[in-house]
Amino acid sequence: MGKQVKHRGPDWSGNHTANSTILVHERLSIVGVDTGAQPILSEDGNIALAVNGEIYNHKILRKRLHESYPFKTHSDCEVIIPLYQEYGIDAPKHLDGMFSWVLHDKKQDRLIAARDPIGITTFYMGRSSTTPGAVFFASELKCLHPVCDQIEAFPPGHVYDSKTDSLTRYFSPKWLVEPTSIPSNPLDLTLLRETFEKSVRKRLMAEVPYGVLLSGGLDSSLVASIAQRETLRLQREYAKKQAALQSGTNTPAVNGFVNGTPAVPTESEEGLAGIDEQYHLTDVPVLSQLNSFSIGLPDAPDGKAALEVARFLGTKHHTFTFTIQEGLDALYDVIYHLESYDVTTIRASTPMFLLARKIKAMGVKMVLSGEGSDEIFGGYLYFHNAPDKGALHEETVRRVKNLHLADCLRANKSTSAWGLEARVPFLDKEFLDVSMNIDPQEKMITKDRIEKYILRQAFDPASLPPGSKAYLPKNILWRQKEQFSDGVGYGWIDGLKDEAKKVVSDEQMVEATIRKDKPQWGDDIPDSKEAYWYRCMFDEHFPPYCADTVMRWTPTWSKQTDPSGRAIGVHEAAYEEKKQ
């Protein structure tokens, strides 16, 4: 079963058996590279832990433990063991990061499993009618379906306890559990901006080369801008530190810094990557220059915008192109890795899948990406049709709740297919607490306010302190939303539709509709030849019951079933029939 996800963790394999529990881990090493092999065991060997993810506040948590713990590794994940010892199943509440993990307590023969609040890392739970009482967990469906006949997506923000054989929600902010309760917090642009900056800084924790995915749209461009600022800051401080060492200057440390430069860490912190109590990185980036990456068809809208942003920021930019045929050739593998037949997910994942392979070939193992912003701020073009602020808020909550079945799934699996990790700053817990509690009237789209207006406003020069450097060129900061599958080149979606017409006949569509041809599809009948084509490829990879884990993404407040942003009439390049 572990071999089925070796692509996710090509760096090392590990396993541990205790009582009737087996843990298998395929490792992608990003933090604690030399010492963080998994499963991680407690000093007495009683507790075993296998984790997929990153714990950004691990250095802070180490200092806040009530009891001293003999850490054996530099892994950010090891802190989960003493947290479990102190808090039991409440341990996930203390974590700031993205994660799926399973912990086994040998003495109690107790199994604990947890997933991060939004479901950034993929995670599944399965059972088998042939082995009653057994429960299986894995990062991907392909591990489970050969042995399980019941599989579900592990719900985000939940923890499983084998003592009760049940799931318990541990992440329960009011905005999430009471979506009909409309928040009323006044807009604070400074708080919004600074909280997001903090979120990006956290996610630069790494001991390996990293970069940013840069489409040239608002979200990825803001991420790249902040990441570049932090990278340059650390480089300047490191240079000062080196100069001070050479001159023999020795100044007491203040808040982890000496004259504004990182202080020498204590013995217990030596070699630990991560943030300090002030949420600042204290380690120097691996790369001397931040790398940014984009992909698209030749002359794609995103490619031109991404290059403009890269030149403005000074990143080392890499533009890759692909042909429609190369995209079509990859579809079968894309669906295998995605484990989905959703149209918009496949459309957007294919270029990302191709780009991830290029990035990994360059030696980069981690990238920052801009997923989540559209769900939080109502950025999709169909939000133009939101009838009132209450409806808009409920829709944003619904979209955020379903991210683990949509954009988070795409970002995680498209990159993990090649052993690359994607981190998403917009889905930071603290940033969500700020952004999802703003009065949703501020998110309403009007003739005077473009989608994601308040996010743009927070980074507009007019909202910054006097003399501040601009984050982005004005035309990028106020560029219209472009869904990734559109932005890589309008010909991509058109090419997919044209190919689907060649391989799926009108007769097949009719037979599917009246359930003669595909009875296993039940009521989930594809509404286009493109969707039919994808579902058939999915069925070649996975048994029918795996379809229960798939969600189809469709716009709300729209008669369109095509999920492309161009199907919405307000798009500047909308399909002609929509404009008429």
Side-chain angles (χ1 to χ4, degrees), residues 49 51-58 60-61 64 76-77 79-81 83-84 86-103 111-125 137 139 152-183 185 195-196 198-199 202-203 275 279 371-373 375-377 393-409 411-412 422-438 440 549 551:
L49 172 72
V51 188
N52 171 214
E54 307 291 342
I55 309 303
Y56 303 121
N57 64 336
H58 74 110
I60 298 170
L61 290 172
R64 294 180 180 175
D76 53 295
C77 299
V79 74
I80 295 171
I81 294 176
L83 283 176
Y84 162 74
E86 293 191 5
Y87 301 105
I89 65 168
D90 286 336
K93 293 181 180 180
H94 300 267
L95 302 176
D96 183 1
M98 60 179 198
F99 54 82
S100 304
W101 53 261
V102 177
L103 178 148
L111 193 77
I112 305 293
R115 191 178 185 187
D116 69 69
I118 304 301
I120 299 167
T121 59
T122 54
F123 203 32
Y124 295 91
M125 181 176 177
F137 302 91
S139 292
E152 61 182 308
F154 193 103
H158 283 69
V159 58
Y160 169 85
D161 186 355
S162 64
K163 272 190 171 182
T164 58
D165 191 31
S166 63
L167 289 155
T168 303
R169 175 179 285 282
Y170 71 84
F171 181 69
S172 53
K174 185 177 180 179
W175 64 262
L176 184 69
V177 297
E178 298 180 27
T180 57
S181 178
I182 310 304
N185 287 3
T195 307
F196 186 61
K198 186 190 299 185
S199 173
K202 293 178 194 177
R203 284 156 180 78
I275 53 173
Y279 287 86
E371 279 75 17
S373 174
E375 287 75 10
I376 294 168
F377 294 102
H393 177 69
E394 289 187 47
E395 178 66 2
T396 59
V397 173
R398 186 180 75 86
R399 284 296 181 198
V400 170
K401 280 184 176 179
N402 289 332
L403 271 168
H404 72 110
L405 300 172
D407 282 25
C408 285
L409 179 148
N412 183 271
R423 300 180 182 176
V424 284
F426 279 105
L427 299 179
D428 178 81
K429 272 201 306 186
E430 186 179 354
F431 184 72
L432 283 167
D433 185 59
V434 171
S435 57
M436 292 301 290
N437 282 304
I438 296 171
T549 66
M551 181 195 75

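Index from 1, following the sequence.
- Looking at T122 and N412, their side chains do bring a donor and an acceptor atom within 3.5 Å of each other.
- Applying the salt bridge (Lys or Arg N to Asp or Glu O under 4.0 Å) test to E371 and every residue at least two apart in sequence or in another chain returns R410.
- D96 places no side-chain N or O within 3.5 Å of a backbone atom of N57 that could act as its donor or acceptor partner.
- S199 is linked by a side chain to side chain donor-acceptor pair (under 3.5 Å) to R203, counting only residues two or more places apart in sequence or in another chain.
- In this structure R398 satisfies the side-chain contact (heavy atoms from CB on, under 4.5 Å) test together with E395, N402, T556, sequence neighbours excluded.
- By the salt bridge (Lys or Arg N to Asp or Glu O under 4.0 Å) test, D161 is found to be paired with R110, residues two or more places apart in sequence or in another chain being considered.
- For H94, the ring-ring contact (aromatic ring centres under 6.0 Å, His included) partners two or more places apart in sequence, or in a different chain, are Y87.
- Under the rule for a side-chain contact (heavy atoms from CB on, under 4.5 Å), the partners of H404 that lie at least two apart in sequence or sit in another chain are R115, A153, P156.
- Not counting sequence neighbours, E178 has no partner by the side chain to side chain donor-acceptor pair (under 3.5 Å) test.
- Residues forming a side chain to side chain donor-acceptor pair (under 3.5 Å) with S435 (at least two apart in sequence, or on another chain): none.
- Contact detail for F99 and P92: the closest heavy-atom pair is CZ-O, 4.3 Å.
- Taking each heavy atom of I376 and T396 in turn, the nearest pair found is O-CG2, 3.8 Å.
- S139 is linked by a side chain to side chain donor-acceptor pair (under 3.5 Å) to nothing, counting only residues two or more places apart in sequence or in another chain.
- Partners of T195 according to the side-chain contact (heavy atoms from CB on, under 4.5 Å) rule, which considers only residues two or more places apart in sequence or in another chain, are L191, E430, F431, V434.
- By the side-chain contact (heavy atoms from CB on, under 4.5 Å) test, K429 is found to be paired with P117, F171, residues two or more places apart in sequence or in another chain being considered.
- The shortest non-hydrogen separation linking A411 to A422 is O-CB, 3.9 Å.
- Residues passing the salt bridge (Lys or Arg N to Asp or Glu O under 4.0 Å) test with K93 are D90, sequence neighbours excluded.
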